[in-house]
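Every chain is numbered from 1, with letters handed out A, B, ... down the list of sequences. Only this structure's heavy atoms are used, side chains among them; waters, hydrogens and symmetry mates stay out. Quantities reported herein were computed from a predicted structural model and do not represent experimental measurements.
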Protein chains: 2
Amino acid sequence: VNLILLEHHDVSAGGDVTLGGTRAAHLLDVLDVSPGQAVRVGLLDGPCGTATVTAVDGRTVRLRCRFEPTVPERPSVDLLLAVPRPKVMGRLWAQLAALGVGRIILTNAARVERDYFDTHWLTEATYRPLLIEGLQQARDTRLPLVSIHRRFRILVEDELDILAPTALRVVAHPGKDTWIEETIGSHDRVLLAIGPEGGWNDFELSLLESRRFVPIGIGPRTLRTDTACVALMSLVHERLRSR
Amino acid sequence: VNLILLEHHDVSAGGDVTLGGTRAAHLLDVLDVSPGQAVRVGLLDGPCGTATVTAVDGRTVRLRCRFEPTVPERPSVDLLLAVPRPKVMGRLWAQLAALGVGRIILTNAARVERDYFDTHWLTEATYRPLLIEGLQQARDTRLPLVSIHRRFRILVEDELDILAPTALRVVAHPGKDTWIEETIGSHDRVLLAIGPEGGWNDFELSLLESRRFVPIGIGPRTLRTDTACVALMSLVHERLRSR
């Protein structure tokens, strides 16, 4: 944890916070704080800042926060991902939030098993703490927006224009040679689509291409969905950074 | 599994193989093979090839293999990694093998906890099957070479020149601006060094720099070791591919 994330309701108008639970435990047991010490904090979907420990009372820590004037920008990459196996999805949440993702759009696809949608990994109660864990790792405050779509065609034809209207759209597909470097142009947002382990089928790929998705190669090796997501997200971020 | 990896002792001089255990289970339960069917195989550290199922006998599958004339090249990126937490190390083996790594050089560092070396995740009996799982995912046959070094200074001063004599050496370090693009030049191998979660200390970083490691930036976000390894390995591979 490189930042303690606070929710709006944690913080008084004057910037005072009383923490118990896991955040206090981290301050006490890992950072070993005492009164007067400064720690890095952030307000969920708000600014980063610095907090001074004002009191330690048993397992409770009191802080006074000063926040920066500006809020970090939402990360400039969005992800359209065919729902992977539950175990893989579970591993992805914190990593995606740490890498930086504006929006996570989860979708059905022909090669997604039905029961992947019924797992607790897709409930907000499960994924929200994992996203926050990733933000705290990466010192970000912007909680990724998550939506889950069971109808691929409606998502691609109707909903994507609302969810990601201006982004450059790319779809990772094995066997394609083009790399993103050639397609990124002047866009300042990218929507990256990653298919199921077995790949998109022909209908899905045609539909994506008909809705402005540019197929890009992913190298000669077939990767597990979680490895592919981390690899491609980092490549897209690097491309946007180095323009 | 996109390739069934065979060991040399599995295969007769004529190319016949009798499989039981998990590889037969995969052929029977996932691929649902029957006699006459072709499956993709590879010989560990040898060529890829195609096998025809010659018989299915209960939970045993017999194959006849034909191998390609050439052996895949060893991946052109090597990794020097400060031993991470056991859980993180456990998650990394298969992903590293899938991404493609020639050599995994694990080292001690000031911010590596002593007991990280005592875990079963660093025993060959544990990591070898995970490396093979990653190779089978990525359709590679070249088992990464693994070595574990408890003395950082001796490793860097004496042993690295033998383990990775000609590679471009880069060390990922937060806060550095240079990116690998500027340093890769005409090298055809890269040795990538990734430190512990808390970073290399000043002594370690100076020693690495004195031994030809070029510090490169890793972007503005602090990542968990496993996420950082996947992200950086994929960036280095992409750089080598796109020269």
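Using a 4.5 Å cut-off between heavy atoms, Glu133(B) touches chain A through its side chain atoms alone.
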Identify all side-chain donor-acceptor contacts of residues 109-117 of chain B below 3.5 Å with residues at least two apart in sequence or on another chain.
residue, atom, partner, partner atom, Å
Arg111(B), NH1, Gly198(B), O, 2.9
Arg111(B), NH1, Gly199(B), O, 3.2
Arg111(B), NH1, Trp200(B), O, 3.3

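Few gaps surround CZ on Arg189(A); more than 12 heavy atoms of other groups in view lie less than 6.0 Å from it.
Atom OG1 of Thr227(B) and atom CE of Met233(A) lie 11.5 Å apart (nearest 0.5 Å). The line from OG of Ser234(B) to CG of Leu232(A) is 7.5 Å long, rounded to the nearest 0.5 Å. Here the CG atom belonging to Asp140(B) is positioned 4.0 Å from the CZ atom belonging to Arg221(A), to the nearest 0.5 angstrom.
Contacts from residues 65-94 of chain B to chain A, taken as heavy-atom pairs separated by less than 4.5 Å, involve Pro75(B), Arg91(B), Ala94(B) in sequence order.
Taking the salt bridge (charged side-chain N to carboxylate O under 4.0 Å, His left out) definition, one finds that Asp29(B) meets it with Arg59(B), sequence neighbours left out.
A heavy-atom distance below 4.5 Å is not found between the side chains of Leu223(A) and Gln95(B).
Between the Arg139(A) side chain and the Thr222(B) main chain, no donor and acceptor come within less than 3.5 Å of each other.
Residues in residues 214-243 of chain B take part in no ring pair (Phe, Tyr, Trp, His ring centres under 6.0 Å) pair, two or more places apart or across chains.
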